[in-house]
Amino acid sequence: MSERVPVLKIGDVLLVSIQVELEDQVVLELQDDLAARIVESGATGVIIDITAVEIVDSFVGRMLATTASISRLLDAQTVVVGMRPAVAITLVELGLSLGGVRTALTLEKGLEILARRDDVSPAGR
């Protein structure tokens, strides 16, 4: 039996912290779980924390882009945080683009990006 990736709720943001090896079944379960949680919670933002991901291949790159697309279709903006330099270099070398996916170095910066998206008052909050 594969290990599930937890999806935690912080306000109107869902946090996905990837701490397990991303095998096909784990990714499919994550995408299903995340889509269900977005709908059930009304979340408007998703943060995918890949700090623990040391090695990336085309499968992981496609998984991040697909997961972000699913979230976007359900009206939740996605930010990928914690990308290591080696992971970024590998994605570029593989020619993979995370089109439509915002990135931030840290969880805090990712939350700031999502907070700015919601800050529509002219005076700021």
Side-chain angles (χ1 to χ4, degrees):
M1 180 167 156
S2 64
E3 203 173 328
R4 289 185 105 84
V5 176
V7 179
L8 308 172
K9 188 172 186 306
I10 303 171
D12 67 345
V13 173
L14 296 177
L15 173 62
V16 176
S17 182
I18 298 175
Q19 303 288 322
V20 298
E21 190 170 330
L22 292 172
E23 299 168 354
D24 291 0
Q25 189 60 37
V26 172
V27 169
L28 292 173
E29 289 171 354
L30 169 59
Q31 290 172 340
D32 287 344
D33 292 348
L34 181 58
R37 288 292 304 274
I38 291 169
V39 171
E40 120 193 348
S41 69
T44 59
V46 173
I47 292 184
I48 301 174
D49 183 355
I50 62 169
T51 303
V53 176
E54 294 182 20
I55 300 172
V56 70
D57 58 13
S58 60
F59 171 72
V60 173
R62 284 192 317 273
M63 179 279 306
L64 290 171
T66 301
T67 303
S69 293
I70 291 168
S71 299
R72 193 169 40 257
L73 286 171
L74 296 172
D75 200 26
Q77 181 181 348
T78 301
V79 180
V80 173
V81 303
M83 187 177 300
R84 295 171 183 247
V87 170
I89 291 166
T90 302
L91 287 173
V92 170
E93 288 175 346
L94 290 172
L96 294 173
S97 156
L98 298 181
V101 179
R102 305 267 326 251
T103 59
L105 291 177
T106 65
L107 175 59
E108 292 81 13
K109 288 185 179 191
L111 288 168
E112 287 174 14
I113 288 171
L114 293 176
R116 281 195 307 264
R117 166 215 57 191
D118 290 334
D119 189 5
V120 293
S121 69
R125 289 185 195 171

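Please read these numbers as outputs of a predicted model, since none were measured by experiment.
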Checklist entry - Would you find more than 12 non-hydrogen atoms of other residues, nucleotides or ligands less than 6.0 Å from Asp75 atom CG? => result no
Next on the checklist: Are Phe59 and Val5 connected into the same hydrophobic cluster when the rule is that any two of I, L, V, M, F, W, Y join if their side-chain heavy atoms are below 4.5 Å apart?
Outcome noted: yes
Checklist entry - In Å, rounded to the nearest 0.5 Å, how long is the span from OG1 of Thr44 to CG of Leu74? => result 12.5 Å
Next on the checklist: Checking the side chain of Lys109 only, and the main-chain atoms of Leu111 only, is there a donor and an acceptor separated by less than 3.5 Å?
Outcome noted: no
Checklist entry - Is Glu40 salt-bridged to Arg37, going by a charged N under 4.0 Å from an acidic O? => result yes
Checklist entry - Is it the case that one hydrophobic cluster holds both Val16 and Val39, taking links as side-chain heavy atoms less than 4.5 Å apart, direct or via other members? => result yes
Next on the checklist: To check you understand the geometry: which heavy-atom pair defines the closest contact between Ala65 and Val101, and what is its length?
Outcome noted: CA-CG2, 4.4 Å
Next on the checklist: Let me confirm one number: the CZ-OG1 distance from Arg84 to Thr51, rounded to the nearest 0.5 Å.
Outcome noted: 7.5 Å
Checklist entry - Could you go step by step and tell me if Glu3 and Glu21 meet the side-chain contact (heavy atoms from CB on, under 4.5 Å) rule? => result CA-CA 9 Å; Glu3 203 173 328; Glu21 190 170 330; over 6 Å; no
Checklist entry - Hey, quick one: are Val27 and Leu94 part of the same hydrophobic cluster, counting side-chain heavy atoms closer than 4.5 Å, chains of contacts allowed? => result yes
Item to check | Thr90 side, atom OG1; Met83 side, atom CE - distance, nearest 0.5 Å | outcome: 10.0 Å
Item to check | pair Leu114-Gln77: side-chain heavy atoms closer than 4.5 Å | outcome: yes
Checklist entry - In the single-linkage hydrophobic clustering (I, L, V, M, F, W, Y; side-chain heavy atoms under 4.5 Å), do Ile10 and Val81 co-cluster? => result yes
Item to check | For Leu96, the option from Val56, Val60, Leu91 that meets side-chain contact (heavy atoms from CB on, under 4.5 Å) | outcome: Leu91
Checklist entry - Does Glu93 have any salt bridge (charged side-chain N to carboxylate O under 4.0 Å, His left out) partners at least two apart in sequence or in another chain, and if so, which? => result none
Checklist entry - Taking Ile48 as the fixed residue, which of Leu15, Leu30, Thr103, Ile18 is the one that meets the side-chain contact (heavy atoms from CB on, under 4.5 Å) rule? => result Ile18
Checklist entry - Would a 4.5 Å heavy-atom cut-off, applied to side chains only, mark Ile38 and Ser71 as touching? => result yes
